[in-house]
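This one's a predicted model, so the numbers in the text were calculated from it and none came from an experiment. We're numbering straight along the sequence, starting at 1.
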Amino acid sequence: MHKKIVMVVSAVQFFLLAFAAVVVSDVHDRFFPELLDVKAKVTLDFSQSDLQKEDVFQQLGAMGDQWELGLMKVAPDLRGDQSGQIFIQVGQKGEFPKRIQRFGREPDAEIRDHRALSHSFTDGDYLVTGKTEHLNEWKDWLTSHRVDQKWSEETLFTILQFLIVQSDFGVALLAVSMLMVSLALYWLAVKAKGRALRVLAGVPKWRIQCEDFGQFVLAMVLAAAILDVLAALYVGFVHGWVFVPYYSKVLLLAETMVIFLTLICAWIFSVASWPNPEMLAMREPVVKRLARSSAVLKLVVFAFVLSAVSPAVSAYTNARKTAQEQVMWKSLADQVVLVFPSRPGSTGGAEIEHLFQTLQPSVGDIVRQAETAHRVVLSKAWKGDDLSIDGMTIAPYRYMIIVNEQWLDIVRRKNKRLSLVPLTLEQIPKDAKQFLELSIPLFVRKQQQAKNIWHEVKMYRLTGSSPFPFVGSGGQLEFARPKDVLLLVAPHVHALFNDNFLISVASSAELSFIGLEETQKLVSERRLQNRIRVNYMAEEGILRAQLYAYFVWLRIGSIVALLAALAIAATISAFIIAVLKAKRDFPLRLAGASWWNVSCGRIVKEWVFGGIVVMLIMLFQGINSLLPVGLTGLLVLAVLPFVHIGATSWVFAKNSLRQL
């Protein structure tokens, strides 16, 4: 019976590991596509490089072809629901399939030739799929041109590091390990009498240990083996047989780590609770020496669960924000921005300023022509924290955001409950009026417009519960609570703002255009294709949002593991206490005592210790953890009596039948 319990509980725990291994394999295939045979991945940042941005892909392709690196750039698939990826060949050499299968629910990924790089950012992730003999030479070449590099290589150590260092997987491994340690303690409890009798009979200690732990390990390994076969079959039939080797490698490594840690803790418990003949002579319960280990383990599991609650709540909050961000990025999938070439380190500030002065009229004309077709989108924000430097405040607002009707249309498509309440000039904060009246003369096309600015733009406050999205400097999406936003709506962009303002917001991605081909045509008509690049605005944002979504799933898996750890550890601990107290509980129950009266002593004692642990965790984690930790602790302590009463009644029933 006890072997069956070990096998069933082990199977549940290894199922959690199998789920975690599925997520690891999914994330791995996103970083290291299995069918591309990726040797290494590097994230490149050219912001401080002396390379001209318009020549970067050409030089990377030449280096890759020369050394047969098989370079690929990772980009999101901006078609459909924008949940997939595409891989773009940086050079011209090498043979690749047109499409590869992906793990999970991702659509098959296309592989495109180097021409698809014409509208991509140079920064981002690159894959090395070819030879690696000259990889160090390429690293040196990148370093010589001041390109920031973050490398990840496909090795067993990478998997091990990912499992341990990545917090979500680390939590899952620790939770499963705690479950197994609790199970080991249970195994020692049920074997305690037999161990004591064998010690009394003079059986060598090593033989007792080998026999007991051999059976325990055999039950665990058998459960793991059965689950591994089923999991491998599932991955093969559902995701593809090509992914089974890597998945099996991750699962076996995780299981080995958990079993090894379990055996170490079990050996420590065994040494601490080693029986001696005196215990039998004094007629003491043979599991008495396990009581202290059981109490310590239960407190550790409880403290660990409480410590993980606040990060889990934060992860849930971030998950909601990430989901909103991903929805918004998908809305911007067809939008492009203008990228202006510059060479930090070799081009001086005066030269860059002269370049921008030269391009201003052309950029203004591009905006004018695009706006006639309603293809210009503006979102420019000033934050209250930035204005406070000059001693200004826009309270009760935190953001002052100016947009055009196109941006509002995009937001309304995803947030139909958005409500705008018109404001009069008297309802605008004094410092907000002062800031605009001082700044607007620098932005407007005609000075007469500056005098009539409050008639040129419409002013609103927002109502509702959904956050309002806006573009921050550098093209990053940010979200503000509706009540924090003072919204200004410009009826026209080109007619209101001068070319200096337009090129400024265009260079910071706060001004974008709808349609790649149409915008590229406008740039080409002015013969600026060699001076201005047209890139997808949402490319990096969609990739970032996709990755965050993956880690949200990891956090969900960790929460499931923690809940299972709490339930099983509490049940096994209550069972051990019930076994230790069986001689006391049995006559009390026969005398007519209620289950509460039989169990109340141990319950109240654990309530006291549990309350102390809850307060210590709240004190350690700070004010933000008070509500989640307090509620979780209260819920666990409220369920505790049912666990103890259930364990006590079960032990009583077995004791009545002489089957304990």
Side-chain angles (χ1 to χ4, degrees), residues 310 313-332 377-440 443 453-491 505 508-510 541 545 548 622-628 631:
S310 186
V313 173
S314 299
Y316 174 75
T317 303
N318 292 335
R320 295 184 61 186
K321 180 180 177 182
T322 301
Q324 294 168 348
E325 181 180 348
Q326 188 170 23
V327 168
M328 193 61 193
W329 275 125
K330 290 180 178 181
S331 301
L332 304 176
V377 181
L378 172 67
S379 172
K380 168 72 175 176
W382 294 276
K383 298 181 180 180
D385 295 340
D386 299 332
L387 299 180
S388 64
I389 298 176
D390 298 324
M392 296 184 175
T393 177
I394 58 174
Y397 305 105
R398 296 181 59 191
Y399 304 92
M400 187 163 53
I401 305 174
I402 187 165
V403 301
N404 66 343
E405 289 291 344
Q406 276 65 40
W407 181 262
L408 280 181
D409 290 342
I410 293 172
V411 175
R412 284 190 179 113
R413 284 200 295 267
K414 299 301 178 183
N415 181 12
K416 299 185 183 300
R417 297 182 180 179
L418 178 66
S419 178
L420 279 63
V421 180
L423 297 176
T424 63
L425 185 59
E426 291 73 21
Q427 294 175 297
I428 304 298
K430 179 181 177 182
D431 286 350
K433 289 190 291 186
Q434 180 183 355
F435 171 78
L436 286 175
E437 289 170 353
L438 292 175
S439 304
I440 282 297
F443 302 154
I453 187 61
W454 302 113
H455 299 287
E456 295 280 349
V457 300
K458 299 177 182 179
M459 301 158 288
Y460 300 94
R461 65 178 176 86
L462 306 180
T463 61
S465 57
S466 298
F468 184 81
F470 64 92
V471 180
S473 181
Q476 300 298 318
L477 266 184
E478 299 184 37
F479 293 84
R481 292 183 299 179
K483 67 177 184 178
D484 293 337
V485 175
L486 172 60
L487 188 66
L488 307 175
V489 180
V505 291
S508 60
E510 294 166 307
Y548 287 157
I623 191 170
N624 292 331
S625 68
L626 294 181
L627 185 60
L631 287 177

Counting C-beta onward and ignoring hydrogens, is there a side-chain heavy-atom pair between [X] and [Y] closer than 4.5 Å?
{"X": "F468", "Y": "F479", "result": "no"}
{"X": "W382", "Y": "I401", "result": "no"}
{"X": "V489", "Y": "L408", "result": "yes"}
{"X": "I453", "Y": "I440", "result": "yes"}

Applying side chain to side chain donor-acceptor pair (under 3.5 Å), name anything that partners [X], two or more places apart in sequence or on another chain.
{"X": "E405", "result": "none"}
{"X": "S439", "result": "none"}
{"X": "Q434", "result": "none"}
{"X": "D484", "result": "R481"}

Exercise. Going through the distances and angles, do L487 and L420 end up as a side-chain contact (heavy atoms from CB on, under 4.5 Å)?
Worked result: CA-CA 9 Å; L487 188 66; L420 279 63; 3.9 Å; yes

For residues [X] and [Y], report the shortest heavy-atom separation together with the two atoms involved.
{"X": "W407", "Y": "V377", "result": "CE3-CG1, 3.4 Å"}
{"X": "M459", "Y": "T424", "result": "CE-C, 4.4 Å"}
{"X": "G464", "Y": "P482", "result": "O-CG, 3.5 Å"}
{"X": "Y397", "Y": "K483", "result": "CD2-O, 3.7 Å"}
{"X": "V457", "Y": "A490", "result": "CG1-CA, 4.4 Å"}

For this session: Name all residues meeting the side chain to side chain contact (heavy atoms under 4.5 Å, CB included) criterion together with S419; count only those two or more places apart in sequence or in a different chain, and write none if there are none.
Result: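 Residues passing side chain to side chain contact (heavy atoms under 4.5 Å, CB included) with S419: T463.
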
Exercise. Looking at residues at least two apart in the chain, or sitting in another chain, which of them share a side chain to side chain contact (heavy atoms under 4.5 Å, CB included) with A432?
Worked result: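 Testing A432 for side chain to side chain contact (heavy atoms under 4.5 Å, CB included), a comparison that skips the adjacent residues, returns I394, M400, I428, P429, L486.
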
Problem set entry | Residues in ring-ring contact (aromatic ring centres under 6.0 Å, His included) contact with F443, at least two apart in sequence or another chain |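 Only F501 meet the ring-ring contact (aromatic ring centres under 6.0 Å, His included) criterion with F443.
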
Problem set entry | Y399: ring-ring contact (aromatic ring centres under 6.0 Å, His included) partners, not counting sequence neighbours |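 For Y399 the ring-ring contact (aromatic ring centres under 6.0 Å, His included) partners, ignoring immediate neighbours, are F470.
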
For this session: Determine, stepwise, if the pair K458 / L488 fulfils side-chain contact (heavy atoms from CB on, under 4.5 Å).
Result: CA-CA 6 Å; K458 299 177 182 179; L488 307 175; over 6 Å; no

Problem set entry | Value rounded to 0.5 Å, distance of OG in S379 from CD in Q406 |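 The OG atom of S379 sits 12.5 Å away from the CD atom of Q406.
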
For this session: Output every pair passing salt bridge (charged side-chain N to carboxylate O under 4.0 Å, His left out) with a member in residues 418-428, not counting sequence neighbours, ordered by first then second residue.
Result: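 Not a single pair qualifies under salt bridge (charged side-chain N to carboxylate O under 4.0 Å, His left out).
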
